[in-house]
Undergrad: 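Sharing a structure, written as structure tokens. Questions coming.
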Number of protein chains: 2
Amino acid sequence: MWTLSTSTGSGYHHGDLRAALLDSALALLDTEGPGELSLRAVARHAGVSPNAPYRHYRDKEALLAALAARGFTELGERLAAVAPGDAPDAEVIAMACAAVDYALDHPGVYRLMFGQACSSHPDTIAASDAAIAIVAERIAAIAEPERREPLRIGIWALVHGLSTLLLDERLGTPTRAEADALVETVVRTMLGTGPDVSAPGRWGAP
Amino acid sequence: MWTLSTSTGSGYHHGDLRAALLDSALALLDTEGPGELSLRAVARHAGVSPNAPYRHYRDKEALLAALAARGFTELGERLAAVAPGDAPDAEVIAMACAAVDYALDHPGVYRLMFGQACSSHPDTIAASDAAIAIVAERIAAIAEPERREPLRIGIWALVHGLSTLLLDERLGTPTRAEADALVETVVRTMLGTGPDVSAPGRWGAP
DNA sequence: GCATCGATGTGTACGATGCCCACATTGAAG
DNA sequence: CTTCAATGTGGGCATCGTACACATCGATGC
């Protein structure tokens, strides 16, 4: 009894509560937002007592940080999976779309990853750095040295900002394809690599 | 007695609790982060009972939304105050720096403004739209029509992303001047208007 | 086989919070 | 001076995070 979730253990002991708690938290996060997520609710969803989580995570923040870290890892995998295209523009845009798609797929986790609930936790920071490193690697293979750092920061910031705007529905409620198209347009425009590269200057005619 | 904060009223009645609560919340926000901010603590700081705020704000979210709205208004004023420079680049960079400076000046309020605690509240959205409109206006005066929308979205997203990264100290702990310089570099690089506009291509030599 | 022990889960408890209710106080209008 | 609506107070409830003591179990040594 009591097993609402995946319990490999038998009755009293759960088997792998550590992971099960993350799964439960994930399930609840994508339903409601973080901040509304209570540790007790996670425990309930996992079918254990309110205090069981404390055997695996120091406190609520640690659990959230673990979840955020998992999120950064998955985001990193998606980023690493974009084909090293021939055109630098296409590669950057593909990575931007991958990140935005991840945010749209997991709004709760994404907000957690970039929210303030666990942003200062070492686990979150480490996982975040790993994901950024993947972007930095790609940028380094594309851009000349002096531009690498600003581009890395700028692209990361731009993509995060776009994801936030989309999640908060501040850019309407586009479909996935529409969102990707929007991301492409914005990235191209910002980087000055518009559809017609021979556009009349950066800002337009005077 | 009981008057820890600006109380224009006499004893029982406060005078202007509505505004005083915002001030108290602001003071507490810049100390601790939002999410840690409790309505009761705000009431305590204002020197009233825990339930007094409910006479002026429907619930906690409404108070936070009012504070966020005030933040967007001030941010908008700063944005509107940047001199309509001769060079479009300089103007955009000045606005970007103004926004980032605001974030650094009021970390708590900034996180509130873009956090999920009250992002869906109508007051927050209205004030946010007003601030964005100011940016849109400037962009419209600078860029050609087809690029206005992507530029507005992209610049807003980029600046917000930069602010977030800076607030979370993910870009080190620069001084104000260093932060502004960083913003300028990143914006210039992203927009392709580097110090030497005749740089060898967007990404560098192949 | 069986006792033992560390790891893991439970139960109880405390302070704090958001918010609902009924009540108290007040300044201003009649 | 009375009355009333606006405003602030106090008590109460469900929930939360988490500290403490206790219960239960699987592996380990004999």
Side-chain angles (χ1 to χ4, degrees), chain A residues 1-25 28-29 31-67 112 115-118 121, chain B residues 1-25 28-29 31-67 112 115-118 121:
Chain A
M1 57 86 159
W2 261 123
T3 56
L4 293 177
S5 158
T6 44
S7 70
T8 62
S10 52
Y12 200 97
H13 283 74
H14 185 282
D16 192 5
L17 225 196
R18 186 174 203 96
L21 286 172
L22 285 188
D23 291 339
S24 293
L28 293 178
L29 253 192
T31 300
E32 6 169 4
E36 278 77 14
L37 179 65
S38 86
L39 197 51
R40 292 172 106 105
V42 174
R44 273 193 299 270
H45 186 275
V48 294
S49 87
N51 291 329
Y54 286 94
R55 296 292 162 189
H56 300 276
Y57 300 96
R58 190 206 319 276
D59 53 15
K60 183 181 181 181
E61 186 186 4
L63 202 180
L64 295 181
L67 196 51
L112 179 67
Q116 67 276 15
C118 61
H121 194 288
Chain B
M1 58 84 161
W2 261 122
T3 56
L4 292 177
S5 159
T6 43
S7 70
T8 62
S10 52
Y12 200 96
H13 283 72
H14 185 282
D16 191 5
L17 225 196
R18 186 176 202 94
L21 286 172
L22 284 189
D23 291 338
S24 294
L28 294 178
L29 253 193
T31 301
E32 4 167 7
E36 278 76 14
L37 179 66
S38 85
L39 198 50
R40 292 170 106 106
V42 174
R44 273 193 299 268
H45 186 274
V48 294
S49 85
N51 291 327
Y54 287 95
R55 294 291 159 190
H56 302 275
Y57 300 97
R58 190 209 315 275
D59 52 16
K60 184 182 181 182
E61 186 186 6
L63 203 180
L64 295 180
L67 196 51
L112 179 66
Q116 66 276 14
C118 60
H121 194 286

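Throughout, protein chains are lettered first and strands after them, A, B, ... in sequence-line order, and every chain is numbered starting at 1.
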Undergrad: Taking all non-hydrogen atoms of both residues into account, name the closest pair between K60(B) and S38(B) and its distance.
TA: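 In terms of heavy atoms, the two residues are closest at NZ-CA, 4.3 Å.
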Undergrad: For a side chain to side chain contact (heavy atoms under 4.5 Å, CB included) with L67(B), tell me which candidate from L29(B), L21(B), D23(B) qualifies.
TA: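 Single pass found, and it is L29(B).
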Undergrad: If the helix axis at each end comes from five base pairs, how far does the helix from dG1(C)-dC30(D) to dG30(C)-dC1(D) deviate from straight, to 10°?
TA: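 It comes to 10° between the two terminal axes.
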Undergrad: Name the residue closer to the 5' end of DNA chain D, choosing between L17(B) and R40(A) according to the nucleotide with the nearest heavy atom.
TA: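 Its nearest nucleotide lies further toward 5', so the answer is L17(B).
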Undergrad: For L39(B) and dC16(D), give me the distance from atom CG to atom C1', rounded to whole Å.
TA: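 So the CG-C1' distance, L39(B) to dC16(D), works out to 16 Å.
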Undergrad: If you take any heavy atom closer than 4.0 Å to DNA chain D, which residues from residues 51-64 of chain B end up in contact?
TA: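 Output list: N51(B), A52(B), R55(B), H56(B).
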Undergrad: What are the two closest heavy atoms between A66(A) and Y57(A), and how far apart are they?
TA: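 Here A66(A) and Y57(A) meet closest at CB-CE2, 3.8 Å.
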Undergrad: First locate atom CZ of R44(A), then atom OG of S49(A), and finally report the distance between them rounded to the nearest 0.5 Å.
TA: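 Atom-to-atom, R44(A):CZ and S49(A):OG are 11.5 Å apart.
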Undergrad: Within the structure, does a side-chain N or O atom of S49(B) lie under 4.0 Å from either OP1 or OP2 of dG8(D)?
TA: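 No.
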Undergrad: Just do the side chain to side chain contact (heavy atoms under 4.5 Å, CB included) check on L22(A) and L63(A) with the steps written out, would you?
TA: CA-CA 7 Å; L22(A) 285 188; L63(A) 202 180; 3.7 Å; yes
Undergrad: Locate the shortest heavy-atom distance separating A43(B) from P50(B); write the atom from each residue and the value.
TA: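 Heavy-atom minimum between the residues: CB-CA, 3.9 Å.
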Undergrad: Atom CD of E32(B) to atom P of dA16(C): distance rounded to whole Å?
TA: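 Computing the E32(B):CD to dA16(C):P distance gives 14 Å.
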Undergrad: Any chance you could measure L28(A), atom CG, to H45(A), atom NE2, to the nearest 0.5 Å?
TA: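 Answer rounded to 0.5 Å: 5.0 Å.
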Undergrad: Working to the nearest 0.5 angstrom, can you tell me the gap between L64(A) CG and L37(A) CG?
TA: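 If I round to the nearest 0.5 Å, the distance is 6.0 Å.
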Undergrad: Any donor-acceptor pair under 3.5 Å joining the side chain of R18(B) to the base of dT7(D)?
TA: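 Under the 3.5 Å cut-off, the side chain and the base do not form any donor-acceptor pair.
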Undergrad: Taking atom P of dA7(C) as reference, at what distance in whole Å does atom CG of D16(A) sit?
TA: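 Distance check: D16(A) CG to dA7(C) P gives 17 Å.
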